Number of protein chains: 2
Amino acid sequence: MNNLKRYIESLTDLSEQGWEVLSYCLTERLFKKNEILLKEGEICNSIYFVSSGVCRSFYNQDGKEINTAFYFENEFTTNIKSLRASTRSEYIIKAHEKTRAVVIDKFKLLDAYKQSHQIETFGRMVLELIVAKQEEHSGSFKLLTPMERFNALVSQHPDFLQRVSLTQTASYLGISRETLSRFRAKKK
Amino acid sequence: MNNLKRYIESLTDLSEQGWEVLSYCLTERLFKKNEILLKEGEICNSIYFVSSGVCRSFYNQDGKEINTAFYFENEFTTNIKSLRASTRSEYIIKAHEKTRAVVIDKFKLLDAYKQSHQIETFGRMVLELIVAKQEEHSGSFKLLTPMERFNALVSQHPDFLQRVSLTQTASYLGISRETLSRFRAKKK
DNA sequence: TGAATTTTGTGATTTTTGACGCAGGTTTGT
DNA sequence: ACAAACCTGCGTCAAAAATCACAAAATTCA
């Protein structure tokens, strides 16, 4: 919980009252490795803040899992599309390691928005962070070759490969496991 | 202007007062074909609502233009990263046809947020629309083959190819001009 | 309108990446 | 501790796409 509080404070002003109002929307939860935060087909009613651990979001394409993102400590994850329109989620969010997360309840949060301008600002900020992350990843597909994409990932996230297997990383980068293996071999 | 008002009303509640407050943030502008909305290196201080026409956003990679998105009627465009952090924009937004746009001033909007909860909700909504659009395009790179990507585009946006040249479309889809030309030939 | 520029179509060639199979190593769970 | 599942590396092969080259068509603009 304190993790989240500190994190918010580093980004935007939040008074004690603001925090108190926000607190009503929050629950802390522990997820075991491979436990599911959001099922496929489920309506997403929460935003998750990863306090510790890693989560993974992925599509299930007839048995094949295609990773769309990894969320490490101090990152927010949710399915915006499902969250805002109350539609069924097309993808899954799962704990990739044992994960501690703060669950932000959507309905309580919408109420809190009405009570506090600061919280509404916080809500916008979370969205902005999600957009920025996505924009970056999305851009990398057009601007960079697969190999450059891989290099960019390791230079920005040196611990990524320590925590995420080659196979999973390949799926995230949109290339085959073998191709990634070759890049890494060549690199040295 | 009325275009925007109707569009907002179709998505969220907006009282007459709310609209009045929002109006102070708005300016209508006409852009000639190829006129620039946001320069590279410039700090983005506006959100644009395209009333008519099309805009294109792209990176300039040593002379080569790489398209990241096209914005048609009733779509919002901006550079979120630059907008929120006041950093220099890494990409360019340009009118791809003669375009009529409503310019939403960032600073006035931030003020308006404080005055009206409805406007803050509107701000969140704009962000959500931008995320959803990006998420979709981004996902298409991992989930679909280039050819499927092309087919998805024409089925979702039948008029895309009428308004955007093959070369520009290819850059948007992240494939070479020649490959796209072949896909199209094969298709029908 | 007519020249210049940009866009498009197609063929030949090369490069890149994916698919498959298999063997050895590591991790997981009971 | 042991079996099962999973991950990794390496080879060959095939498929997909990029690149190059050039001609034809369309668009722009003075």
Side-chain angles (χ1 to χ4, degrees), chain A residues 31-36 53-54 56 58-67 70 92 94-99 140-154 159-188, chain B residues 31-35 53-54 56 58 60-67 70 94-98 140-154 159-188:
Chain A
F31 294 91
K32 282 185 284 224
K33 180 171 180 173
N34 290 325
E35 206 176 335
I36 288 183
V54 195
R56 172 171 73 100
F58 59 97
Y59 286 88
N60 190 323
Q61 224 178 29
D62 29 72
K64 202 153 237 172
E65 295 186 351
I66 298 173
N67 297 328
F70 286 86
I92 297 138
K94 192 187 238 189
H96 186 252
E97 298 175 358
K98 181 180 157 198
T99 294
S140 79
F141 276 79
K142 279 186 215 161
L143 295 165
L144 273 37
T145 65
M147 181 154 180
E148 290 170 335
R149 219 143 67 218
F150 169 69
N151 289 331
L153 179 72
V154 298
D159 57 333
F160 200 101
L161 291 176
Q162 268 72 57
R163 299 177 73 178
V164 177
S165 79
L166 193 81
T167 306
Q168 299 284 2
T169 304
S171 164
Y172 173 60
L173 292 174
I175 56 185
S176 76
R177 182 178 69 77
E178 293 92 333
T179 304
L180 182 54
S181 172
R182 281 170 202 146
F183 287 162
R184 201 170 53 165
K186 248 180 213 167
K187 178 109 195 260
K188 163 61 33 49
Chain B
F31 294 92
K32 281 185 286 224
K33 180 171 181 174
N34 289 326
E35 206 176 335
V54 195
R56 170 171 73 100
F58 59 97
N60 191 323
Q61 224 178 30
D62 30 71
K64 202 154 235 166
E65 295 186 352
I66 297 173
N67 297 329
F70 285 86
K94 193 187 235 187
H96 186 252
E97 296 175 358
K98 180 178 156 198
S140 78
F141 276 78
K142 278 186 214 162
L143 295 165
L144 274 38
T145 65
M147 183 154 181
E148 289 170 335
R149 218 143 68 220
F150 168 69
N151 289 331
L153 179 72
V154 299
D159 57 334
F160 201 102
L161 291 176
Q162 268 72 58
R163 299 176 73 179
V164 177
S165 80
L166 192 84
T167 307
Q168 299 285 2
T169 305
S171 163
Y172 173 60
L173 292 174
I175 57 185
S176 77
R177 181 177 68 73
E178 293 92 331
T179 305
L180 182 54
S181 169
R182 280 168 197 141
F183 286 164
R184 196 172 55 168
K186 244 179 216 170
K187 180 92 194 277
K188 150 76 37 29

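Please read all numbers here as calculations on a predicted model, not as lab measurements. Letters A, B, ... are given to chains in the order of the sequence lines, protein chains preceding strands, and every chain is numbered from 1.
- Regarding Met147(A), its CE atom lies at a distance of 14 Å from the C1' atom of dT15(C), rounded to whole Å.
- Of the candidates Thr145(A), Leu161(A), Thr179(A), Leu144(A), Phe150(A) forms a side chain to side chain contact (heavy atoms under 4.5 Å, CB included) with just one, namely Leu161(A).
- When atom types are taken as modelled, the side chain of Arg149(A) and the backbone of Leu173(A) share a donor-acceptor pair closer than 3.5 angstrom.
- The CD atom of Gln168(A) sits 9 Å away from the P atom of dT8(D) (whole-angstrom rounding).
- Taking the six-membered ring for Trp and thresholds of 30 and 60 degrees, Phe160(A) and Tyr172(A) have nearly parallel ring planes, at less than 30 degrees apart.
- Atoms CZ (Phe183(A)) and P (dT17(C)) sit 4 Å apart, rounded to a whole Å.
- Picking from dC20(C), dC7(D), dG9(D) the nucleotide with the shortest atom distance to the side chain of Glu178(A) gives dC20(C).
- As a whole-Å value, the separation of Lys33(B) NZ from dT28(D) C1' is 9 Å.
- Taking side-chain N and O atoms only, Ser181(A) has a distance below 4.0 Å to OP1 or OP2 of dG9(D).
- The closest donor-acceptor contact from the side chain of Ser171(B) to the backbone of Asn67(B) lies under 3.5 Å.
- Looking at Glu65(A), its side chain never comes within 3.5 Å of a backbone N or O of Phe58(A) through a donor-acceptor pair.
- In this structure, of dT10(C), dT17(C), dT8(C), it is dT10(C) that holds the atom nearest to the side chain of Ala185(B).
- Following rounding to the nearest Å, Arg184(B) (CZ) and dA17(D) (P) show an atom-to-atom distance of 17 Å.
- In this entry the distance linking CG of Leu166(A) with C1' of dC10(D) reads 13 Å, nearest Å.
- Here dT7(C) is the nucleotide among dA21(D), dA17(D), dT7(C) with the atom lying nearest to any side-chain atom of Ser165(B).
- In this entry the distance linking NZ of Lys98(A) with P of dT27(C) reads 19 Å, nearest Å.
- Toward the 5′ end of DNA chain C lies the nearest nucleotide of Arg177(B), the other residue of the pair Arg177(B) and Thr179(A) mapping further downstream.
- Atom-to-atom, CZ of Arg182(A) to P of dG18(C) comes out at 9 Å; the value is rounded to the nearest Å.
- When each of Ile175(B) and Asn34(B) is assigned the nucleotide of DNA chain D with its nearest heavy atom, Ile175(B) is the one assigned upstream, toward the 5' end.
- For Thr167(A), whose side chain is taken as the heavy atoms from C-beta onward, the closest listed nucleotide among dG9(C), dC7(D), dT7(C) is dC7(D).
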